Amino acid sequence: MSEWSVLNPRQMEAVTLPPGPALVLAGAGSGKTRVLTSRIAHLLEGGAHPGEILAVTFTNKAARAMRERLDGMVAMSLRALWMGTFHGIAHRLLRVQHAALGLPADFQVLDADDSQRLVRRIMREAQMDEKQWPPRAVAGRIGRWKDEGWGPERVQQYEGPAAAPFIPIYSAYEAAKKRSGLVDFGDLLLYALRLWESPEILDHYQRRFQHILVDEFQDTNTVQYAWLKGLARHGQIFVVGDDDQSIYAWRGARVENLLRFGEDFAGTRVVRLEQNYRSTAPILQAANAVIAHNSDRLGKTLWTAEPGGEAIQLYTAYNEVDEARYVVGRIQQWLGAGGRRSECAILYRSNAQSRAFEEALVREGMPYRVYGGLRFFERAEIKDTLAYLRLTANRHDDASFERVVNVPARGIGAVSAERLRNLARARGLSLWQAAGELNQPKINTFLDLVEDLAARTAEADLGERVETVLTHTGLREWHGREGDRAEGRLENLDELINAARNYAQDWSADPHLGDLAPQPGNMLSEFLTHAALEAGDGAGDAWEDGVQLMSLHSAKGLEFPLVFLVGLEEGLFPHQRSLEDPQGLAEERRLCYVGMTRAMRLLVVSHAESRRLHGSERMTLPSRFLREVPREILQELRPRARISRPAMPLRAPALETPFPLGSRLQHPVFGEGVVLDYAAGGRQGRIQVQFGSGSKWLALGVVALERLP
DNA sequence: AGTTCAGGGGTTGCT
DNA sequence: CCCCTGAACT
């Protein structure tokens, strides 16, 4: 328990709270992981059995980190302790309780890409216009409905006629999954919640999990919270979160869950962790000042006991190339002073911004790592291989069938595939069954191949199975054929064999499996689920000391000695699409707060006066967030006197136009609109306005425009 | 069947 | 401008 000595009074209070509901409002860098792990250690020390504890996180990474830390704190075996993501825990419940839910024992999990493909296929069958409704967007909508716990019927009931075209798609999507024995991410949570409808099952788990702990509580969606409320009826629930770091509303997260927690659990004790151990005082002051502009906060003010610290530095760049050049120059300075590249992070609002920085870094020959992009298990060659494995486990997995029926190419084109789908639909068969009925030579080749694979690998260990699939299907050769990416694909395939071998090896030792370790016969199935639930790290080179480039969203939870928060411009950050509604703007501001609080020693913020976006050069205005930083802690690195042409003054209270960016106005012909952009400001200038009918450039002073509140 | 071309669209992304 | 997608082309 050596960690206990370093707990501050508030942390200590949280860790040692008496039994009952607890809400810990943990500011950025306030030691929330330490509090969570210490709380568990405290419970164990107080006599709780590891099997009575359930600790829930959002990411596998967070779950791993917490388990590792806990392992270092307590001597006893933690096998029986359940620690994992909402989805991982739901999955384990479903494996045990599948019968009660009418799920097949060997159900498989669709990842986001699989779901999207399935939605696309269904939309095509329904002859829906993919231009008008991109399948990706439709899959997203369905996902949001599932986050709320709405099935197709409830969508019909709750949503207006605008949702009507999607309801049949949603229903067909659900039916297709059911037919193939598949569940998507939303289903994992929904089925887990449905388990609580059985009083016996609920009672069993309520008795078992005497202590529930939840990390990042502000990120829970409606279904996750309902599940927690059901399970924690005894009130032994300890949640940690930060309403100021709620940046995932667009993904279904409901910060209201945190705001209402105290009402749902009578007698909730609230502890605020406001002492920050990460950043200097000026950084915290800046972050506090920005977030103070949001309303509806539970309210926290971060502080540090450490004296000193450098002011926030602001660089005003000419354009995005200059911005990147400057940032790389500053990194070189940092390195010259003995710093490491990996201590430097460049954080941006949207991934497209990485390009200018990558170009500048390449020019200087400076290694870097870009986060985001395809993860290991999401790569095409990996998913192809897994699809064959899935078919050997379940022939009726239509999603997998469709994926690889013609990979490698074996002359089964769009026409044959269409015929198969039609037959399957007409007769209510799986694609596999339909293929059998069709009895065509080329298709039979594929069926024989899968049967052969299944027979050959029935007794093989996991690594061998993968190996056999790769050689026997010709996938290795296929992905290794010439092309500039072949080498990388082959490396990935080898890595997959490795991953399978390791998975098999760790099988018995995996502490995450706890007391629910499945039967050896299920190893393949579990491995496939593992691949869906844990997409794996991004591409390699992780070991190299490189500058870190990532979006603000990906930076949440991380910290860096030197942070560059770039592109602070109206329309970029805050993003254009959030300017119109206050909720969206508030979330952008929280994102800014998250970004600033990543910095430990030095925070450099920047904006460009002109930026090339979507092909055209645009003049930009400094982000309102910059104006929210107190002037006395902001050091402007390029005096405005040196600015080559008149720029919008950073701190000018009023623009020269009566219609600032984002303001609403009324046009006599086009109606209501929102100001998007300017050209050559002032009263003689033009403004771009988004109307319901589209966006238009208007010359000021031609027609009477009325500003709306 | 694989490659090339035109068109559209462009925020964030965990499980 | 750059990337992805789908259709047309060889």
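Protein chains get the first letters and strands the later ones, always in sequence-line order, with residue 1 at the start of each. Because the structure is predicted, anything quoted here is derived from the model rather than measured.
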> A:Arg375 has a side chain; which of B:dT11, B:dC14, C:dC2 sits nearest to it?
Replying inline: B:dC14

> Choosing from B:dG2, B:dG13, B:dT15, which nucleotide comes nearest the side chain of A:Phe185?
Replying inline: B:dT15

> When we call it a touch if two heavy atoms are under 4.0 Å apart, what does A:Ala112 touch: a base, just sugar-phosphate, or nothing?
Replying inline: base

>> What is the distance, to the nearest angstrom, from the CD atom on A:Glu130 to the P atom on B:dG7?
In response: 19 Å

>> Below 30° counts as parallel, above 60° as perpendicular, anything between as tilted: where do the rings of A:His553 and A:Trp250 land?
In response: perpendicular

> When the distance from CG of A:Asp147 to P of B:dG13 is rounded to whole Å, what number comes out?
Replying inline: 17 Å

> Do any N or O atoms from the side chain of A:Arg95 and from the backbone of A:Phe107 form a donor-acceptor pair under 3.5 angstrom?
Replying inline: yes

> Rounding to a whole Å, what distance do you find between A:Gln116:CD and C:dT5:P?
Replying inline: 9 Å

> Which part of the nucleic acid, if any, lies within reach of A:Glu534 when heavy atoms closer than 4.0 Å are counted: base, sugar-phosphate only, or nothing?
Replying inline: nothing

>> Applying the 5.5 Å / 30° rule, does A:Phe58 stack onto the base of B:dC14?
In response: no

> Distance check: side-chain N/O of A:Arg251 vs OP1/OP2 of B:dT15, anything under 4.0 Å?
Replying inline: no

> How close or far is atom P of B:dT15 from atom CG of A:Leu193, stated in whole angstroms?
Replying inline: 21 Å

> Contact class for A:Ser616 vs. all strands (heavy atom < 4.0 Å): base, sugar-phosphate, or nothing?
Replying inline: nothing

> From the list B:dT15, B:dT12, B:dG13, which nucleotide is the closest neighbour of the side chain of A:Arg144?
Replying inline: B:dG13

>> Can you tell me which nucleotide in B:dT12, B:dT15, B:dA1 comes closest to the side chain of A:Leu533?
In response: B:dT15

>> Just the rounded figure in Å: distance from C1' of B:dT12 to OH of A:Tyr593.
In response: 20 Å

>> Both A:Glu587 and A:Trp478 contact DNA chain B. Which one's nearest nucleotide lies toward the 5' end?
In response: A:Trp478

>> From the set B:dG2, B:dT11, B:dC14, return the single nucleotide nearest to any side-chain atom of A:Thr59.
In response: B:dC14

>> Any salt bridge linking A:Glu320 with A:Arg612? Criterion: basic side-chain nitrogen under 4.0 Å from a carboxylate oxygen.
In response: no

> How is A:Arg612 classified with respect to the nucleic acid when contacts are heavy atoms under 4.0 Å: base, sugar-phosphate, or nothing?
Replying inline: sugar-phosphate

>> On DNA chain B, does the nearest nucleotide to A:Asn406 precede the nearest nucleotide to A:Ala532 from the 5' side, or the other way round? Give the residue.
In response: A:Asn406

>> Students often mix this up, so state it plainly: with edges at 30° and 60°, are the rings of A:Tyr170 and A:Trp145 parallel, tilted or perpendicular?
In response: parallel

>> It should be established whether A:Asn60 places a side-chain nitrogen or oxygen under 4.0 Å from OP1 or OP2 of nucleotide B:dT15.
In response: yes

> Whole Å only: how far is the CG atom of A:Asp215 from the C1' atom of B:dT15?
Replying inline: 15 Å

>> If the cut-off is 4.0 Å, is A:Ser350 near the phosphate of B:dG10, judged by side-chain N/O to OP1 or OP2?
In response: no

>> Between C:dG6 and B:dT11, how many Å separate the two C1' atoms, rounded to a whole number?
In response: 24 Å

> Which part of the nucleic acid does A:Arg136 contact within heavy-atom distance under 4.0 Å: base, sugar-phosphate only, or nothing?
Replying inline: base

>> How many whole angstroms separate atom CZ of A:Arg121 from atom C1' of C:dG6?
In response: 19 Å

> When you measure from the side chain of A:His575, which nucleotide among B:dT11, C:dG6, B:dG13 comes out closest?
Replying inline: B:dT11

> When all nucleic acid strands are considered with a 4.0 Å heavy-atom cut-off, which category describes A:Asn351: base, sugar-phosphate, or nothing?
Replying inline: sugar-phosphate

> Base, sugar-phosphate, or nothing: which does A:Gly411 touch, judged by heavy atoms less than 4.0 Å apart?
Replying inline: sugar-phosphate

> Under 3.5 Å, is there an N or O donor on one side and an acceptor on the other linking the side chain of A:His614 and the base of B:dG10?
Replying inline: yes

>> Measuring only the C1' atom in each nucleotide, how far is C:dT5 from B:dT12? A whole number of Å is fine.
In response: 22 Å

>> Determine whether a donor-acceptor pair (N or O, by modelled atom type, separation under 3.5 Å) exists between the side chain of A:Asn406 and the backbone of A:Arg410.
In response: yes

>> Between C:dC4 and B:dG13, how far apart are the two P atoms, rounded to whole Å?
In response: 15 Å

> Relative to each other, are the rings of A:Trp196 and A:Trp227 parallel, tilted or perpendicular (30° and 60° limits)?
Replying inline: parallel

>> If we count only N and O atoms by modelled type, under 3.5 Å, do the side chains of A:Asn257 and A:Thr220 hold a donor and an acceptor together?
In response: yes

> Would you say A:Arg349 reaches B:dT12's phosphate, i.e. side-chain N/O to OP1/OP2 under 4.0 Å?
Replying inline: no

> Choosing from B:dT15, C:dG6, B:dT12, which nucleotide comes nearest the side chain of A:Arg120?
Replying inline: C:dG6

> Starting at NE2 of A:His553 and ending at C1' of B:dT11, how long is that distance when rounded to a whole Å?
Replying inline: 8 Å

